[in-house]
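The structure appears right after this line, and notes come after that.
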Amino acid sequence: MTSGFFEGIEKVRFEGVDSDNPLAFRHYNPDEVVLGKRMEDHLRFAVAWWHTFAWEGGDPFGGATFERPWHPQDDMGRAKLKADIAFEMFELLGQPFFCWHDADIRPEQGNFADNLRTLEEITDYIGEKMQDVGTKLLWGTANMFSHRRWMAGASTNPDPDVFAFAAATVKSCMDATHKLNGENYVLWGGREGYETLLNTDLKTELDHMGRFLNMVVDYKHKIGFKGTILVEPKPQEPSKHQYDYDAATCIGFLRKYGLEDEVKLNLEQGHAILAGHSFEHELAVATAEGMLGSIDMNRNDYQSGWDTDQFPNNTPEVALAYYYVLKAGGFTTGGTNFDSKLRRQSIDPDDLIAGHIGGMDVCARGLKAAAAMIEDGGLETELTNRYSGWETPAAQAMLESNLDDITARVLADAVNPDPRSGRQEKLENYVNRFV
Ligand code: XLS
Ligand code: NI
Ligand code: NI
């Protein structure tokens, strides 16, 4: 017996590029083998519970536009109905994974003990549904930004009681993630930053955040959680400045607090843009350090500049992102989470399905284009050629020498390098053949 919420919608199938069925996949064919692996196993798509089921369509100027049978979300009965409908959607889409914050799946009780009780109850309920439907948990996380207690931060709060509440909250969410065999645990610190430096002791806050993350890692080992701990960079919004600004900042932070072998990154396309980077920049920085964990594949509106969390719809951007994911060897515990929400006028149940189909299709196209570039090897050959001068023993020896000796050689050999073209237009034209 289903809830009837998605009444009239059939299980979504791959019908190929010629299909004109608005609720079919044209590019995402889970069983198609790409570079020796099924597409589903490459992409590892996840639905985000918060945007898909918890967000009610409000914006800074207006309230809810969605009317769902699980509203208002202040009651355990309706939290269970929301879970029922979520799994009906996962089944329709053939969804391999999902993600949640504690606050998305249980009602807010206003105190820790009751929040813990309802979290345990709802995650038991969700666990049974996972058995039936087969959708797995990509990651769990704690919402430590919505409730007013978090307004001045969680682990970086000036009030030690808030730090304590945060520690207990993360412990409860790690326990729930572990119970549901989650493959990762994420920390995103929307309020771990400041509104004004005038009231902020930046050093103390960073030290507390570093200590907190060490406790998280210790607890992971204590309970035998085999998943990966991930932090998600974002430069600002909701805080004016967030400490996890971008991939490079997070990597520096992790090294400072001795966490570089324990924690990886969950990179989000829209956050990369907010930080003034491209998504592939963030992916390249993380993979250069061996710290790519997982991705949130949702785009911003480039005109408004806001973190609008839209489903991806730009194949060339997505193709370059997966190019770096594939170059790094693909996902291990990570995957592609759609941290994406509908536009607030898209109020019909089938808009939810269509949004996910579109995102999955664009990612499938991007993955195939990226795989074709890897197979062709053109970009790799270009890199090999561009850096080939460094393959000689003399060039390698220079890296072990010093400024005096290098200068002597420059004088003796009358070194006077000839500039070579960077060939950017040719490379852009090359990429254009595949996307
Ligand atoms: C917000 C973040 C958030 C994290 C999970 O911008 O992307 O949704 O992914 O807390
Ligand atoms: Ni985001
Ligand atoms: Ni995100």
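Being a predicted model, the structure only gives us computed values, none of them experimental. Both ligands and their constituent atoms are indexed starting at 1 by order of listing.
The shortest N/O to N/O separation between E268 and ligand 1 falls below 3.5 Å.
Atom OD2 is the N, O or S atom of D339 at the shortest distance from the Ni ion (ligand 3). Looking at E268, its N, O or S atom nearest to the Ni ion (ligand 2) turns out to be OE2. E232 contributes OE2 as its N, O or S atom closest to the Ni ion (ligand 3). Counting just the N/O/S atoms of D296, the one with the shortest distance to the Ni ion (ligand 3) is named OD2.
A salt bridge does not link K426 to E382: none of the charged side-chain nitrogens sits closer than 4.0 Å to a carboxylate oxygen. In summary, K234 and E268 do not engage in a salt bridge, as defined by a charged side-chain N under 4.0 Å from a carboxylate O. Ion pairing of E183 with R44 is present here, as a side-chain N (NZ or NE/NH1/NH2) and a carboxylate O approach within less than 4.0 Å. Taking the charged nitrogens against the carboxylate oxygens, E108 and R106 do have a contact shorter than 4.0 Å, which makes a salt bridge.
In D307, the part holding a heavy atom less than 4.0 Å from any atom of ligand 1 is the side chain. Contact annotation: for D296 versus ligand 1, heavy atoms closer than 4.0 Å belong to the side chain alone. Residue contacts with ligand 1 for W100 are absent, since no atom lies close enough (heavy atoms, distance under 4.0 Å).
Residue K234 has at least one heavy-atom neighbour below 4.0 Å for each of these atoms of ligand 1: 1 (C), 6 (O). Of all atoms in ligand 1, numbered sequentially from 1 with element shown, those under 4.0 Å from a heavy atom of W50 are 8 (O).
Among the atoms of D309, none of the N, O or S atoms falls under 2.8 Å from the Ni ion (ligand 2).
In this structure, D102 contributes its side chain and L119 its backbone to no donor-acceptor pair below 3.5 Å. When atom types are taken as modelled, the side chain of D348 and the backbone of D351 share no donor-acceptor pair closer than 3.5 angstrom.
The closest side-chain donor-acceptor pair between N429 and N432, if any, does not fall under 3.5 angstrom. A donor atom on one side chain and an acceptor atom on the other are not found under 3.5 Å apart for S172 and D175.
Other residues, nucleotides and ligands contribute at most 12 non-hydrogen atoms within 6.0 Å of the NZ atom of K240.
In this structure, H271 counts as a contact residue of ligand 1, since one of its heavy atoms falls inside 4.0 Å of the ligand. Heavy-atom distances between V186 and ligand 1 stay at or above 4.0 Å for every pair.
Distance from atom 10 (O) of ligand 1 to its nearest protein heavy atom, with residue and atom name: H101 NE2, 2.7 Å. Looking at atom 2 (C) of ligand 1, its nearest protein heavy atom turns out to be E232 OE2, 3.3 Å. The protein atom (non-hydrogen) at minimum distance from atom 8 (O) of ligand 1 is D339 OD2, 2.7 Å.
The aromatic rings of Y430 and F434 lie tilted to each other, with the angle between the two planes from 30° to 60°.
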